[in-house]
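Side chains are part of it too, since the values below use all heavy atoms of this structure and drop only hydrogens, waters and symmetry mates.
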Amino acid sequence: MNKYYVYIITTVVCILLQVAIAPNIAIAGCTPNFLLIPLIVVAMYSGPTVGSIFGFVIGLFGDLAGDSTIGAMALSFTIIGVGVGLFASASESRHPLVMCVVVICVALFHELFYGLVIILTSAADASFAASLVRLILPEALYSLIFGCIALATICLVIQEDRPTDDQVGNLTMPKMK
């Protein structure tokens, strides 16, 4: 399947999951962030420039759909898009286990950064330590569970289109007699 079709399908499905399903599966006020999934896919397969632009757009959508500080998720997702895109450009590895490690790092970074921005811009007295234990780490764990499953699957779907080493060898090198 073409990677752009995967981008579109993943984005639409994750937006629907974020808006319709995530609030209904909240555990102790913690909801998964399904919007991280298309962000990681786009950044991994298209690089830091497209990843940052896509991160800003989908992060702004997340900000507008939520009820917190406008721009916090957009900024976090922009940074994540650049970081994941640079990592993917440097490593060239799209193995499902690598994707799971990326999801773990991204989920933790996003929740820590986003939580810190929300605390700093909020008028309420909230301690970072209390928010870390009560909300930030549980939401990161919740997001990475769904993210690992989805990204491992998406990675396998996109990799099916790539030619195998044997096919590439037959296309580029003529056989010797």
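- Cluster annotation: Val13 and Leu35 are assigned to the same hydrophobic cluster (Ile/Leu/Val/Met/Phe/Trp/Tyr, side-chain heavy-atom contacts under 4.5 Å, transitive).
- Atom CZ of Phe146 and atom CD1 of Ile21 lie 9.5 Å apart (nearest 0.5 Å).
- Taking hydrophobic clusters as Ile, Leu, Val, Met, Phe, Trp and Tyr residues chained together by side-chain heavy-atom distances below 4.5 Å, Val101 does not share a cluster with Met44.
- Hydrophobic cluster membership differs between Leu97 and Ile37, with clusters built from Ile, Leu, Val, Met, Phe, Trp and Tyr side chains linked at under 4.5 angstrom.
- Of all heavy-atom pairs spanning Thr31 and Tyr142, the tightest one is C-CD2, 3.8 Å.
- Minimum interatomic distance between Ser89 and Pro48 (heavy atoms only, all atoms of both residues): OG-CD, 3.8 Å.
- Transitive grouping of hydrophobic side chains (ILVMFWY, heavy atoms separated by less than 4.5 Å) keeps Val12 and Phe54 in distinct clusters.
- Applying the side-chain hydrogen bond (donor to acceptor under 3.5 Å, both in side chains) rule to Ser143 yields no partners; only residues at least two apart in sequence or on another chain are considered.
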If you apply the rule side-chain contact (heavy atoms from CB on, under 4.5 Å), what do you find for Asn33 with Glu139, and how did you get there? CA-CA 8 Å; Asn33 192 338; Glu139 281 194 1; over 6 Å; no

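- No continuous path of ILVMFWY side-chain contacts below 4.5 Å connects Val41 to Leu16, so the two sit in separate hydrophobic clusters.
- Contact record, His110 with Ile80: CB-CD1, 3.6 Å, taken as the closest heavy-atom pair.
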Could you go through residues 56-66 and list every donor-acceptor pair under 3.5 Å that involves a side-chain atom there, pairing it with any protein atom two or more places apart or in another chain?
{"from": "Asp63", "atom 1": "OD1", "to": "Met73", "atom 2": "N", "distance (Å)": "3.0"}
{"from": "Asp63", "atom 1": "OD2", "to": "Gly71", "atom 2": "N", "distance (Å)": "2.8"}
{"from": "Asp63", "atom 1": "OD2", "to": "Ala72", "atom 2": "N", "distance (Å)": "3.4"}
{"from": "Asp63", "atom 1": "OD2", "to": "Met73", "atom 2": "N", "distance (Å)": "3.3"}
{"from": "Asp63", "atom 1": "OD2", "to": "Ala74", "atom 2": "N", "distance (Å)": "3.1"}

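- Annotation for Pro38 and Phe34: closest pair CD-O, 3.3 Å, computed over non-hydrogen atoms.
- For the side-chain contact (heavy atoms from CB on, under 4.5 Å) criterion with Val103, the lone passing option out of Leu36, Ile149, Val98, Leu144 is Leu144.
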Is there a side-chain contact (heavy atoms from CB on, under 4.5 Å) between Phe87 and Cys105 once you walk through the steps? CA-CA 12 Å; Phe87 169 78; Cys105 295; over 6 Å; no

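- Thr121 and Thr69 share a donor-acceptor pair across their side chains, judged by distance under 3.5 Å alone.
- Leu39 approaches Gly81 most closely through the heavy-atom pair CD1-CA, 4.0 Å.
- Expressed to the nearest 0.5 Å, how far CD1 of Ile118 lies from CD of Glu111 amounts to 10.5 Å.
- Rounded to the nearest 0.5 angstrom, Cys100 SG and Ile145 CD1 are separated by 11.5 Å.
- At a threshold of 4.5 Å between non-hydrogen side-chain atoms, the residues Phe113 and Leu108 do not count as touching.
- Here Ser46 pairs with Tyr7 under the side-chain hydrogen bond (donor to acceptor under 3.5 Å, both in side chains) rule; sequence neighbours left out.
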Residues Tyr45, Val50; criterion side-chain contact (heavy atoms from CB on, under 4.5 Å); working and verdict: CA-CA 9 Å; Tyr45 287 96; Val50 174; over 6 Å; no

